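Numbered from 1 within each chain, the chains take letters A, B, ... in sequence-line order. No experiment lies behind these values; they were computed from the predicted model shown.
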Amino acid sequence: MSNPDPPAASADIPAIAATALTRRFGRAWAVRDLTFAVPPRSVLLVVGPNGSGKTTLLRLLATALRPTSGKATVFGHDVVAHAEMVRAQVAFVSATPGVYDSLTARENLQFAAAMCGRRFEPMTLWLERVGLAGLGEHPVRTFSQGMKRRLALARAWLAVPSVLILDEPYNGLDAEGVRLVHTMVTETTQRGGCAVVATQEWERGRRIADGVLVLSGGRLADHAPAAHFAAHILTMAGSHP
Amino acid sequence: MRGQTFLGAIALGLLAAGAYVGLVASPPDAFQGEYVRIMYAHVPNAWVAYVAFAITCVASALYLAKRTPVYDYIAHSATELGVVFTGLALVTGSIWGRPVWGTWWTWDARLVTTAVLFFIYLGALLVRGLADDPRRGARLAAVVSIVGFLDVPVIHYSVVWFRTLHQPASLTRGDIKIAPPMLAALLLGLLAFTVLFAYLLTLRIRLARAEDAGEAA
Amino acid sequence: MTTIDRVAAVTSKELLLEWRGRQTATAMGMVALLVILFLGVVLGSEPARAPAVLWVAMGFATVLGIPRLTQAEVEQQALETLLLYPGSREHIYWGKFLALVVMLTALLAFLWALVGVLFNIPIWTHLPALIGIGVLGVIGLAAIGTLLAGVVLHVRARELLMPLLLLPLALPVVLGCVRLTEAALAGRGEGMWLVVLGVFGLTALLVCPILFEVVMEEP
Amino acid sequence: MGWIALAYGIVLITLTTYVLVLRRRLRDATRARGTPTQHSSVR
C-alpha cells in the first residue's frame, strides 16, 4: 500500500476543506467554526499570535486530533471517517521533532521508511537532500535542534506525501535550512499536492505562500491570497487579543 | 426527582425488613450459632459488587462501540459502586471469618477473586482520574474494565484449582445447607441490596451527568 | 507485504532502542535476581519452592519492564509521529508485543539458569517441558503487558498504576505457570492448567490488539 | 455478638456516608452549572 499519487489536479476537489471545524479542550475553545478550502498545487500559510489555535488546526488536519464538531477533508477523505486514507497522504512535521535519540539518523529514517511501506529505498539520498550527508551513523542524541529538525523534515519528505503539514518548520533552521523547506514545499505542490505551513516568521513564510489564513483566538480572522497582505500582516495579526 | 426518592424509600424499607429478619426473626445456625447473621450482610455486598461489574463491562463495551456519553456515565458509576461494595464484601467477609474460623482471611477462591476484582476496578477508577484528557480517561477505564471482567472467571477458577491442592474448598457462603427461614433472610437481604444498588446507581449517574455538563459548560 | 514490514520495523526498533540503552533489561534482571535471592534466603531453598519463586520474580520484573516499552515514545515526543504513519495501529501492538516476548524470553532463560543453580534444579532433564511452559507464560504476560503499556502512556503516576493493573490481570498466568512447572519438575502431567493458560493466552491475543487500537485513538 | 454489630455497623455507616456524599456532590454540581466558568489553558 504505497502512497497513492495525488488525484489528477482537477480543480473541483479541494486539497483541504474545512467546514465549521471546532475543537474544545474542556471549557476552552482552541479552534472555532473554521471554514476554508485549499486548492491543489497551493501553499496555505497559517499565521497568528501564540495560542491562536494554529497547532490545533494543523493537528486536526493531520488526524492527530479529533474535531469536537464540524468536518475536514483531505482530497475528499474525511479526517475522522477515513483517517487511515488521510494518513496515507499526509506527512506532518510537528513543532517538536520527535526523533529517537538513541538511534542513529539512518536508523530513524529506515524506521520511518518501513512504516510508510518504503523500506527498500537508500537513506543516504534523503540524508544528503536535508544536508545531513555523512551523519547517518551518528546517534541523534548528538544532533543540534536544527539538525533534528532537518531529520524530521527528511522523515516527512521520504513519505512523498500529497499533503505536507509543517508546524513552525523554520525553528532552529539556518538560511540553507529554510531553502530546504521551500524546496520540499514546492516539490509537493508541483506534484499536485498542497502544503500547510504554520509559522510566526512572516518574512520567510510569505515567499512561498499562495494563501494566508490568519487565526486569532481560535477564530478565522482573515483568509486571502498572500499578495493582499504584503507588509502590514504582522501588525494586524498581533493586534487581535 | 420523585421517582428517585421513591426508589430510595423502597430500598430503605427492604433494608430495614432484611435487617430485622436477619438479626431477629431467623434462627441461629447449628454450626456457626449467631454468627451466621453476618452472612446476611456479607453475601448481598458481594452479589451487588458482581452485578456492578457486569454492568460496568457491558456499559464499557457499549461506550467503546457507540461513544455516547451516557454509557460512560453508567460505566463510571457502576465501577465506583462496585469498588465500594467489593470493599464492604471483603470487610464483612473477614469479620465473618474471624469468629467462625478464627482467621481474618481464608484463601477461599471467592474471597481472593473479590479482592482481585477490587484492585482491577480500583485501577480502572485511577486510570480514569489520572488520564490527561477526560474523554480518553473514560476510554482507558472502559478498556481496563472489559479486560478485567473477561479475566474474572479465569482468575476465579485458577484460584480455586490453585488452592484445592492444599485445602478443601472451605465452607463459606452458599455451600452450607440453609434452613428455609435463613434462606428467606438471605434472599430478602439480596433483594434489599439490589434495590439499594439501583437507587445508588441512578443517583451516581445523575451526578456523573451533572459533573460532565458542568465541566463542558 | 507492508503489514509484516511494519510489524518487523516496530519490533526491530524496540529491540534496537533497548539494546542501545539496555536499561530495561538490566533493571528487569536486577529486580528478578533480588526477588529470587531474597525469597531464597527467607523461604529456604529446597527445590519445591523454586517454581513459585521464579514466577513471582518474573511477574515483578515484568511489571517494571512494561512501562519502559513505551518510554521512548513519551520521552522524545515520538508518539504522535508513530501514530500518524499510515496503516493500522494493530501493527504497532504486534511489533511491541514481539519485542516484549523476546525480552521476557531472555529474562526467563536468565532466571532459569539462576534458579537452577540456587535451588539446584536439574533443568536440563526437563528442558522441553520448561520451554513449553515458558512460551505460555511469556505470551500471556506479553499480551496483557503490551496493552497496559499503551494504557499507561496517557496517564500520570505510571509506575504506581502498572503493578495495580498488571498483577491482578496476570494472576492466572503466574498461578498456572507455577503449577505447571511443579508438575513438570515432578514428571507428572497437568492438563487442566494447560487449558487455563491456553484459554487465557488465546483470549488475550484476540482481545488486546483491538483494545490497543482504542487506547491509541487520538483524543 | 460484637462481631455481628461490627459487620452491620460498618455496612450501615459506609453506605449512609456514601449516599450523603453523593447527594451533596449532586447539589454542588447542579448549582455550579449556573456560575460562569473560568477560561482554562489552551494547548
A.B. asks: Which heavy atom of C:Phe212 sits nearest a heavy atom of C:Gly150, and at what distance?
C.D. replies: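 Heavy-atom minimum between the residues: CE1-CA, 4.0 Å.
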A.B. asks: So for C:Ser88, is it side chain, backbone, both, or neither that comes closer than 4.5 Å to the heavy atoms of chain A?
C.D. replies: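 For C:Ser88, backbone and side chain are both near chain A.
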A.B. asks: Heavy-atom distances under 4.5 Å only: say whether A:Ala112 touches chain C with side chain, backbone, both or neither.
C.D. replies: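 Backbone plus side chain of A:Ala112, per the 4.5 Å heavy-atom cut-off to chain C.
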A.B. asks: Please classify the contact between A:Phe92 and chain C as side chain, backbone, both or neither, with a heavy-atom cut-off of under 4.5 Å.
C.D. replies: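 It is the side chain, since no backbone atom gets that close.
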A.B. asks: Pairs of donor and acceptor atoms involving the side chains of residues 22-40 of chain C, under 3.5 Å and at least two apart or interchain, shall be tabulated with distances.
C.D. replies:
{"unit_1": "C:Gln23", "atom_1": "OE1", "unit_2": "C:Arg68", "atom_2": "NH2", "d": "3.1"}
{"unit_1": "C:Thr24", "atom_1": "OG1", "unit_2": "C:Glu18", "atom_2": "OE1", "d": "2.6"}
{"unit_1": "C:Thr24", "atom_1": "OG1", "unit_2": "C:Arg68", "atom_2": "NE", "d": "3.2"}
{"unit_1": "C:Thr26", "atom_1": "OG1", "unit_2": "C:Arg22", "atom_2": "O", "d": "2.5"}
{"unit_1": "C:Thr26", "atom_1": "OG1", "unit_2": "C:Gln23", "atom_2": "O", "d": "2.8"}

A.B. asks: Establish, for the pair A:Arg141 and A:Phe143, whether the NZ or CZ atom is under 6.0 angstrom from the six-membered ring centre and no further than 45 degrees off its axis.
C.D. replies: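 The answer is no, since A:Arg141 fails at least one limit relative to A:Phe143.
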A.B. asks: With chain C, which of A:Val93, A:Thr63, A:Asn108 has the greatest number of heavy-atom pairs at distances under 4.5 Å?
C.D. replies: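 With the most close heavy-atom pairs to chain C, the winner is A:Thr63.
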A.B. asks: Can you tell me which portion of A:Glu107 sits under 4.5 Å from chain C's heavy atoms? Options are side chain, backbone, both or neither.
C.D. replies: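 For A:Glu107, the contact with chain C is made by the side chain alone.
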A.B. asks: Please classify the contact of C:Leu83 with chain A as side chain, backbone, both or neither, using a heavy-atom distance under 4.5 Å.
C.D. replies: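 The answer is the backbone of C:Leu83.
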A.B. asks: Do the ring planes of C:Phe97 and C:Tyr93 sit parallel (below 30°), tilted (30 to 60°) or perpendicular (above 60°)?
C.D. replies: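 Parallel.
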A.B. asks: Counting only non-hydrogen atoms closer than 4.5 Å, does C:Val10 touch chain A with its backbone (N, CA, C, O), its side chain (CB onward), both, or neither?
C.D. replies: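 For C:Val10, heavy atoms of backbone and side chain both lie under 4.5 Å from chain A.
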A.B. asks: Would you confirm whether the ring centroid of A:Tyr170 sits within less than 6.0 angstrom of the ring centroid of A:His182?
C.D. replies: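 A:His182 vs A:Tyr170: aromatic centres under 6.0 Å.
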A.B. asks: Give me the one residue out of C:Glu213, C:Glu217, C:Glu218 that meets salt bridge (Lys or Arg N to Asp or Glu O under 4.0 Å) with C:Arg89.
C.D. replies: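 Between C:Arg89 and the candidates, salt bridge (Lys or Arg N to Asp or Glu O under 4.0 Å) is satisfied uniquely by C:Glu218.
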A.B. asks: By a 4.5 Å heavy-atom criterion (distance strictly below it), what part of A:Val99 contacts chain C: side chain, backbone, both, or neither?
C.D. replies: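 Contact with chain C involves the backbone of A:Val99 alone.
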